[in-house]
2 protein chains.
Amino acid sequence: MLDRRSVVPLYYQIQQFLLDQIHSGAFGPGEAILSEKEISARMGVSRMTVRQALKSLCSQGVLYSQRGKGTFVSATKLEKNFRNVLSFSEEMSKLGSRPSSKVICFEVAQPDIKGTEALKMKAADQVFILRRLRLADGIPMAIECSHIPVHFCPDLLESFDPATSLYETLAKQYGIHIAVTEEEAEAAVAKAEESRLLKIGKGSPVFHFVRTSYLRDGKPVEYVNSTYRGDRYRIVNRLTTETGKAVSR
Amino acid sequence: MLDRRSVVPLYYQIQQFLLDQIHSGAFGPGEAILSEKEISARMGVSRMTVRQALKSLCSQGVLYSQRGKGTFVSATKLEKNFRNVLSFSEEMSKLGSRPSSKVICFEVAQPDIKGTEALKMKAADQVFILRRLRLADGIPMAIECSHIPVHFCPDLLESFDPATSLYETLAKQYGIHIAVTEEEAEAAVAKAEESRLLKIGKGSPVFHFVRTSYLRDGKPVEYVNSTYRGDRYRIVNRLTTETGKAVSR
DNA sequence: AAGTGGTCTAGACCACTCG
DNA sequence: GAGTGGTCTAGACCACTTG
């Protein structure tokens, strides 16, 4: 069952094993799984290792624990796809649409004040500005305008093929992996240029997004302004109660 | 420093201590904190206990760890308030506004099809429907329409004082604590009734929200339809990469 | 080679729930 | 009182980073 010679940690193997069991229906929603002691005995691992696996599944919302009672399978639909850090390409692929894009402009310039602030840059620092029309199955979905400080990827103008994914290029060519993005969304109505590019009526509802993306150490790498069609896009979130607190109930 | 007689767990005391240190500036953004061994030695606790505290702070985004190097303070602004499960009252208070509301209707009825589905009810089951105009500092902000199955709180019509918080009543009177809410937001333009209630022009941008809230065991307890003013409300999110995976780097 | 975090063990005591 | 999860210990070995 468990492979102790594998490079995959035991707790992760246990996690996957339990996930398989749950998906196969061995434990239905609301039902208790085996106790920590049982699992550790049957699998021949220490209870702490089992707990590490269970804790992770609890934080993912697959299980929940009740002191003195047991650990139970959540009833929430697991298949629902909530948003993580996703590029437009990834998000559309996940939804089953074919993403593409048209470059409107791609240049080196100075960002506006908000961009400079968000990227924590000095006033003179420059950024790549990539403005694209984003399409899903050939239908215009959004206008996206990315700002990336030049020092992260000095030769981006040459190395980036606009037909490919920007995030992929950043990851593969420069080792830039985004860990967190902060996002603000506003409801607005389409202005003249927006309605022309998105092929919707002037005054149609749209989302305005401002996103700032950070590396794991908290350094900002990208600042994005975008406009999404309100009739073909929706924001799906999952909100939870705070974590990191001592359990009280 | 640590109180071993306290009911507060040691790992939580350590967590708070580190948070205090970080906020006081003892460790700046990007700087390494003490090593796990150092902390455990200085505080007289085992390393596993220190790790439990650090893991929690890492998952909150306050710290990040690098194998072989150390544990570092993230550079992200800590003061920014991202959304957890929050009621309108809580959210507005957090933003510094005084929340209030006017009840438009409060009755027992059958929900529409979407509500029945979201709440996983049988077609004949009934819900409380509470429709309210929500105000911040006396200014209309949103129209909210809550649906709650009657069996959760049979005498809500008597026990709920519309001048108070619905969530507080649910928690205190019935022990109902929401753990997760799923939310979908669309951009739209105000219809006649909405613009009248919210005192905005017809055709002004608004958000349409559909929210379903769940208990810890995954049972749905509340289904809410709401319309927020687009000119006075914005959605702020923090998106992260997936969790629960074995570290690869 | 020395130091770091990642994983794991084999115990322990506690608070809690339930019959 | 028996069983559960929550907390904690004092070690251990490993992979990784850095000088």
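Note that this is a predicted model, so its numbers are computed, not measured. Lettering of chains follows the sequences in order, A, B, ..., and the numbering in each one begins at 1.
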Going by the rule side chain to side chain contact (heavy atoms under 4.5 Å, CB included), which residues pair with A:D161 if we only count those two or more places apart in sequence or in a different chain?
A:A163, A:T164

Just the table, please: protein N/O against nucleotides 11-14 of chain D N/O, every pair under 3.5 Å.
unit_1	atom_1	unit_2	atom_2	d
D:dA12	N6	B:R47	NH1	3.3

From [atom1] of [X] over to [atom2] of [N], roughly how many Å is that when rounded to an integer?
| X | N | atom1 | atom2 | value |
| --- | --- | --- | --- | --- |
| B:L54 | C:dG5 | CG | P | 8 Å |
| B:Q66 | D:dT17 | CD | C1' | 10 Å |
| B:K37 | D:dA10 | NZ | P | 15 Å |
| B:E36 | D:dC16 | CD | C1' | 14 Å |
| B:R216 | D:dG5 | CZ | P | 12 Å |
| B:R5 | D:dC8 | CZ | P | 15 Å |
| B:Y64 | C:dT4 | OH | P | 17 Å |
| B:K55 | C:dT4 | NZ | C1' | 17 Å |

Atom pair OG (A:S59) and CG (A:L54), whose distance is rounded to the nearest 0.5 Å
11.0 Å

Ion pair B:E182/A:R238, N-O distance below 4.0 Å:
no

Angle between ring planes, B:F128 versus B:F106, binned at 30° and 60°: parallel, tilted or perpendicular?
tilted

Using heavy atoms to find the nearest nucleotide of DNA chain C for A:K69 and A:S46 separately, return the residue whose nucleotide is more 5′.
A:S46

Between A:V50 and A:G68, which has a closest nucleotide on DNA chain C that is more 5'?
A:V50

Who passes salt bridge (Lys or Arg N to Asp or Glu O under 4.0 Å) against B:E168, sequence neighbours left out?
B:K172

Is the distance from OP1 or OP2 of [N] to the nearest side-chain N or O of [X] less than 4.0 Å?
| X | N | answer |
| --- | --- | --- |
| A:T71 | D:dG5 | yes |
| B:R4 | D:dT9 | yes |
| A:Q52 | C:dT7 | yes |
| A:Y11 | C:dC8 | no |

Base, sugar-phosphate, or nothing for B:L10, non-hydrogen atoms under 4.0 angstrom?
sugar-phosphate

Return the minimal non-hydrogen interatomic distance between B:S74 and B:Y64, and the atom names on each side.
OG-CD2, 3.6 Å

Dump the intermediate steps for side chain to side chain contact (heavy atoms under 4.5 Å, CB included) on B:I39 and B:R47, then the final yes or no.
CA-CA 8 Å; B:I39 298 174; B:R47 193 180 143 218; over 6 Å; no

